[in-house]
Amino acid sequence: MAVMETTDENTMPARNTRLVYRHRWPLRLMHWINVLCLTVLLMSGLQIFNAHPSLSLGHASNDNTAWLAMGARTDENGVPRGVTRIFGHMIDTDGLLGASTVDGERSVRAFPAWATLPGPQWLAMGRRWHFFFAWLFVINGLAYVGWSVVTRHLTRDLTPTRNDWRGFGRSILDHLKFRHPKGEAALRYNILQKLAYLGVVFVLGGGIVLMGLAMSPRMDAVLGWMVDLVGGRQSARSWHFVIACGFVVFVVIHVFEVIVTGVFNQLRGMITGWYRIDEDDKP
Amino acid sequence: MTGRRRFLRNLGLAASGAFLAGCDRISQSESGARVLESAEWLTRRVQRIVSPSTALAREFSEADISPVFRPNGTTMPQTALYQSLMKNQFRDYRLGVEGLVDHPGEFSIDQLRALGERTQITRHDCVEGWSAIGKWQGTPLGALLAHVGVKESARYVVFHCFDEWGEDTPYYESIDITEARHPQTLLAHSLNGAPLPVANGAPLRLRVERQLGYKHAKYLRSIEVVSSFEDIGDGNGGYWEDNGYEWYAGI
């Protein structure tokens, strides 16, 4: 790792900090391509979902067997009110799910216009965006895995060591208390971070692509065994949606951790590669 | 809502609004749309490699048949020609076969049935996202093409339909010759053991099992074998294709 010695002259007493070259350029590039892909895929995915806003299990779909459905009821004034039915429970989700305001008018639509790409109902264009960025996501993901294997990023930085596993319980406590490693230790991924990254790349990343392919009628001619394994095409559609929610949960936690560990330093690390550590802080 | 929360919410809405506005400019520009559409070519190429053209769509058992086979799109064509055929239970119906064939002609359902029959229980996947399973019975399109003889320059089969989607805009669809000769590509006359209901495309509809529902043209009037579909409709190979959907609907 390249090191640049610096002293911060504005703080008294002077603290001994230094910039460390932490993230190499291919990783930074792939990270930001992934940010773009996930944003477009999520929003165009919600556009596609809106064309049939319900999820079923099995090979075929049936309005009576849906475990999740979004729709609208008309109230006494003739205005639609958004409702969501999940596992048989009716929830009033007006304004967000089922019915929301578009250009000042309450419209019947599952996800609101600000969350879908394109904003208005436009399935054909949503599919165009989704499949273009799905290819970019897959190529970027394969490049990342290939790069991680070749540079040993995977074995050196991401694979948990025996020591990591021993500190599993403590790491959970540290996260709950927002206590984060300082100094040199901040450069290494902790056990929860390693597991989260491996899970996102291989379980969520691999899973969402496979469940997407399981919805393709042409692919099903050769992937029938996999479709059966998850319970059918409509089950695959449900899994695709659930895994997408998993990505959203990951991103929320990821961004939260970036903020609590120093948003400026972390962003500089992922944009320029240089990350500042404080040598006076003992881990 | 506190001032801070309102600020954060408005910041989020503004960010999504700016992002969507940028994306809209790409969607609406010709070059932007063309870049996005390039994915269709890649998908088609790759899917043809990993899923061979001879691979069969999965077939299901009687127990899997959906209680209701949901109709979509047109459910009652309004054209005078169709209405008069329907009044007579389609007894006078003839499927026209034209274009790059050695023996163009007209075929009644009985004449088609004499060329060959296949029954298959398959899953129908709508582009919207839903699926339904039905039992289809009909003549393999390949048998009809073999009977009329296809000229060497033929590349696509175009399906002209009775239903209109606006003035002088009849529904149409097209598939390539390889897909047309696939054993599960049928001109179906029956659904679940009964003559095709009007809502599902009576008297004859296409089944092209490894593609999405909009490719399965209903209310077939005639089929035309062509080398290019550039001069038909808006030139994209189908009614929905002319409205922005992919010609290759294998995903």
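Residue numbering restarts at 1 for every chain, and letters A, B, ... go by the order of the sequence lines.
Scanning all heavy atoms of the two residues, the minimum distance from B/D125 to B/S131 falls at OD1-OG, 2.9 Å. The nearest pair of heavy atoms linking B/Y214 to B/Y171 is O-OH, 2.7 Å. Minimum heavy-atom separation, B/S53 to B/T178: CB-CG2, 3.7 Å.
With respect to chain A, the highest number of heavy-atom pairs below 4.5 Å among B/D64, B/V46, B/N243, B/V68 belongs to B/V46. Between chain A and the residues B/A39, B/A21, B/S51, B/G17, the largest count of heavy-atom pairs under 4.5 Å involves B/S51.
Here the side chains of B/F159 and B/Y219 are not in contact, with every heavy-atom distance at 4.5 Å or above. Under the 4.5 Å side-chain criterion, counting only non-hydrogen atoms from C-beta, A/Q234 is not in contact with A/L55.
Proximity to chain A is limited to the backbone of B/A249, based on heavy atoms less than 4.5 angstrom apart. Within the 4.5 angstrom heavy-atom criterion, only side-chain atoms of A/R237, from C-beta onward, approach chain B. Only the side chain of B/R70 comes within contact range of chain A, judged by heavy atoms closer than 4.5 Å. When heavy atoms are compared at a cutoff of 4.5 Å, B/P52 approaches chain A by way of both its backbone and its side chain. In this structure, chain A has a heavy atom under 4.5 Å from the backbone of B/Q211, while its side chain stays farther away. In this structure, chain A has a heavy atom under 4.5 Å from the side chain of B/E40, while its backbone stays farther away. Both the backbone and the side chain of B/S27 come within contact range of chain A, judged by heavy atoms closer than 4.5 Å. Only the side chain of B/L13 comes within less than 4.5 Å of a heavy atom of chain A; its backbone N, CA, C and O stay farther away. Interface remark: B/V127 contributes backbone and side-chain atoms alike to the contact with chain A (heavy atom separation under 4.5 Å). Neither the backbone nor the side chain of B/E241 comes within contact range of chain A; no heavy atom of the residue lies under 4.5 Å from a heavy atom of that chain. Looking at B/Q184, there are no atoms closer than 4.5 Å to chain A (heavy atoms on both sides), in backbone or side chain.
If you look at B/W247 and B/Y156, their ring centroids are closer than 6.0 Å. When ring centroids are compared, B/F69 and B/H124 come within the 6.0 Å threshold. Taking the six-membered ring wherever Trp is involved, the centroid distance between the rings of B/Y245 and B/Y239 does not fall below 6.0 Å.
Judged purely by distance below 3.5 Å, without hydrogens or angles, the side chains of A/T261 and A/Q266 pair a donor atom with an acceptor atom.
With hydrogens and angles disregarded, no donor-acceptor distance shorter than 3.5 Å links the side chain of A/S216 to the backbone of A/G212.
Salt bridge annotation for B/R58-A/D228: present, with a cationic side-chain nitrogen under 4.0 angstrom from a carboxylate oxygen.
Of all residues in residues 109-138 of chain A, those placing a non-hydrogen atom less than 4.5 angstrom from a non-hydrogen atom of chain B are A/A113, A/W114, A/T116, A/L117, A/P118, A/G119, A/W122, A/L123, A/A124, A/M125, A/R127, A/R128, A/W129, A/F131, A/F132, A/F133, A/W135.
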